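Taking it in order: structure first as structure tokens, then the write-up.
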Amino acid sequence: MLRNPELRTKPLGIQQKNIVVTCNYVARERGISKLSYIKDAEKKCPDIVLVNGEDLTHYREMSYKITNFLLKYTPKVERLGFDENFLDVSDMVRTRLNDPSTKEEVKGHIYGQGQKDDADSCTCGCHARLTVGTQIAADIRSALQEELGISCCAGIAWNKLLSKLVAGTHKPNQQTVLFPEHTFELMLSLEAVRAIPGIGHSTAKRLASLGIQTISQLQEVDQSVLTGEFGNSMAQTMKLLSCGSDQSPVVTTGQAQSISDEDSFRKCQDVEDVKNRIGGLLDNLLKRLEEDGRLPGIIRLTLRKLDKEGQWSKRESRQCRVPSHVFALGNNKTIAWYCVLSNNKTIQMKMK
DNA sequence: GTGGATGAG
DNA sequence: CATTCTCATCCAC
């Protein structure tokens, strides 16, 4: 929509292979959901505009533009995927509170109540700090809109878990603050344990085997029951999360730890074809490596096979170290063959 | 260090 | 359920 503003008012979907991986809010109002099949989406919404999004270059570049923009406010910026960032603004809050011109006004929504007044039961100053937090969020979101043309949601709270959860309560392009009195309310509004970030489908399944499906069940279950299935550390963490407690700090993300390029290799029988496709992935990777400026220490190939019935199997990977002389030669294909030969295996499909 | 599992958007 | 195309972390070996 940034590159083609005419699409703003139209139902828009981003397509990768057979799937609408994401879509704008116009499309969502028409009943399109993320990760739906193209067929279903077109059935519901025949005039949906589809843009191919298999090449993530543009999204990655904008993603880093946004993170770098946020880094002008504080060095404590942690990326989560391509489109979310955590900011620890504690220092900014302290500075603003020392400024006599700072007001008491809350910007945006307050979670769990119409107005803010009953609130001042705290003696620790958290309400004042969170209020300043809403002002900082409003300032940053407004500047982001002005300078990069990006709208977004924000959640203001005292830990990452709660800020993420409360950010999702007013969408799109709005912000919400959580005051401590309403923590329990927010956690219980979630219902399923799966809604807690960090509890994915696998952990949810294991919890279900213990008879735990809702947040309140997780809050009330005896520690020892969890410890039996997950071990002490995980059990402790999950109990805390269920109550809205998250000790994890905002960790500055910095440069990527790895870069990868992949493709689902649809209908690839021919060996020649496979070689070409892997070569293409490698070329893209080398371009990105050059822009990055660093040299890789390791290269890894990842693959998934298709069985007779067209079912995907689990991922398999092979990796090896890349000596720097490989790059001194400046020879593209050398690297992939170095990897393949040094492992003495034939590897097709996916490459990381 | 390697390779699989898991989880995030 | 994954499906797409990434990126990160954890853990057994």
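The shown structure was predicted, so the numbers you read here are calculated from the model rather than taken from an experiment. Here is how names work: the chains are called A, B, and so on, in the same order as the sequence lines, proteins then strands, and each is numbered from 1.
In this entry the distance linking NZ of A:Lys314 with P of C:dC1 reads 14 Å, nearest Å. One atom, OH of A:Tyr64, and another, P of C:dC7, lie 7 Å apart when rounded to the nearest Å. One can place CD of A:Gln15 at 17 Å from P of C:dT3, the figure rounded to the nearest angstrom. C:dA8 atom C1' lies 14 Å from atom CD of A:Glu262, rounded to whole Å. Between the NE2 atom of A:His58 and the P atom of C:dT6 there is a distance of 13 Å, rounded to whole Å. Separating the CD atom of A:Gln257 from the C1' atom of C:dT9 is a distance of 10 Å, rounded to the nearest angstrom. Between the CD atom of A:Gln255 and the P atom of C:dA8 there is a distance of 11 Å, given to the nearest Å. At whole-Å resolution of the value, CD in A:Glu84 and P in C:dC7 are 16 Å apart.
For CZ of A:Phe184, the number of neighbouring non-hydrogen atoms (other residues, nucleotides, ligands) closer than 6.0 Å is 12 at most.
With sequence neighbours excluded, the residues forming a salt bridge (charged side-chain N to carboxylate O under 4.0 Å, His left out) with A:Arg277 are A:Asp263, listed by chain and number.
Phosphate proximity of C:dC5 to A:Arg60: absent, as no side-chain N or O sits under 4.0 Å from OP1 or OP2. Proximity of A:Arg288 to the phosphate of C:dC7: a side-chain N or O atom is located under 4.0 Å from OP1 or OP2. For C:dC7, one of the phosphate oxygens OP1 or OP2 lies less than 4.0 angstrom from a side-chain nitrogen or oxygen of A:Ser260. Applying the 4.0 Å criterion to OP1 and OP2 of C:dT3, one finds that A:Arg304 has a side-chain N or O inside that range. An OP1 or OP2 oxygen of B:dT2 is reached within less than 4.0 angstrom by no side-chain nitrogen or oxygen of A:Ser317. Close to B:dT2, at under 4.0 Å from its OP1 or OP2, lies no side-chain N or O of A:Arg321. When the side-chain nitrogen and oxygen atoms of A:Arg206 are compared with OP1 and OP2 of B:dA5, none of them lie within a distance under 4.0 Å.
Although no hydrogens or angles enter the test, the distance criterion places no donor-acceptor pair under 3.5 Å between the side chain of A:Arg129 and the main chain of A:Leu97. Checking side-chain atoms of A:Gln16 against main-chain N and O of A:Gly53 turns up a donor-acceptor pair under 3.5 Å.
Distance check: A:Arg96 CZ to A:Thr131 OG1 gives 12.5 Å after rounding to the nearest 0.5 Å.
Separation of the C1' atoms belonging to C:dC1 and B:dT6 is 15 Å when rounded to the nearest angstrom. Comparing the P positions of B:dA5 and C:dA2 gives an interatomic distance of 13 Å, to the nearest angstrom.
As judged by a 4.0 angstrom heavy-atom cut-off over every strand, A:Glu54 is placed among residues touching the sugar-phosphate backbone only. A:Gly53 comes within 4.0 angstrom of nothing in the nucleic acid, heavy atoms only.
With 3.5 Å as the limit, one finds a donor-acceptor pair spanning the side chains of A:Asn173 and A:Arg141. Between the side chains of A:Arg300 and A:Ser258, no donor N or O sits under 3.5 Å from an acceptor N or O. A donor-acceptor contact closer than 3.5 angstrom links the side chains of A:Gln223 and A:Gln236.
The stretch residues 67-82 of chain A touches DNA chain C through A:Phe82, each having a heavy atom within less than 4.0 Å of the strand. A heavy atom lying under 4.0 Å from DNA chain C marks the following residues of residues 16-42 of chain A, by number: A:Gln16, A:Lys17, A:Ile19, A:Val21, A:Leu35, A:Tyr37. In the region residues 157-168 of chain A, proximity to DNA chain C at under 4.0 angstrom, judged on heavy atoms, holds for none of the residues.
A:Thr183 is listed as a side-chain neighbour of A:Leu162, based on a closest heavy-atom distance under 4.5 Å.
Set against B:dT6, B:dA8, C:dC5, the side chain of A:Pro197 has B:dA8 as its closest nucleotide. Side-chain proximity of A:Thr203 to B:dG3, C:dT4, B:dT6: nearest is B:dT6. Side-chain proximity of A:Leu56 to the nucleotides B:dT2, C:dT6, B:dG7 is greatest for C:dT6. Listed nucleotides B:dG7, B:dA5, B:dG3 differ in distance to A:Arg300; the shortest reach to its side chain belongs to B:dG3.
Nucleotides of DNA chain C nearest to A:His201 and A:Asp55 differ in position, and the one nearer the 5' end is that of A:His201.
Residue pairs that meet the salt bridge (charged side-chain N to carboxylate O under 4.0 Å, His left out) test with at least one member in residues 143-163 of chain A, sequence neighbours left out, are A:Lys72-A:Glu147, A:Glu78-A:Lys160. Residue pairs meeting the salt bridge (charged side-chain N to carboxylate O under 4.0 Å, His left out) criterion with at least one member in residues 28-37 of chain A, sequence neighbours excluded: A:Arg30-A:Asp47.
A:Leu190 and A:Val177 fall within the same hydrophobic cluster, where Ile, Leu, Val, Met, Phe, Trp and Tyr residues are linked whenever their side-chain heavy atoms come under 4.5 Å apart, directly or through other members.
A cation-pi contact, defined as under 6.0 Å to the ring centre and within 45° of the axis, is absent between A:Arg304 and A:Phe265.
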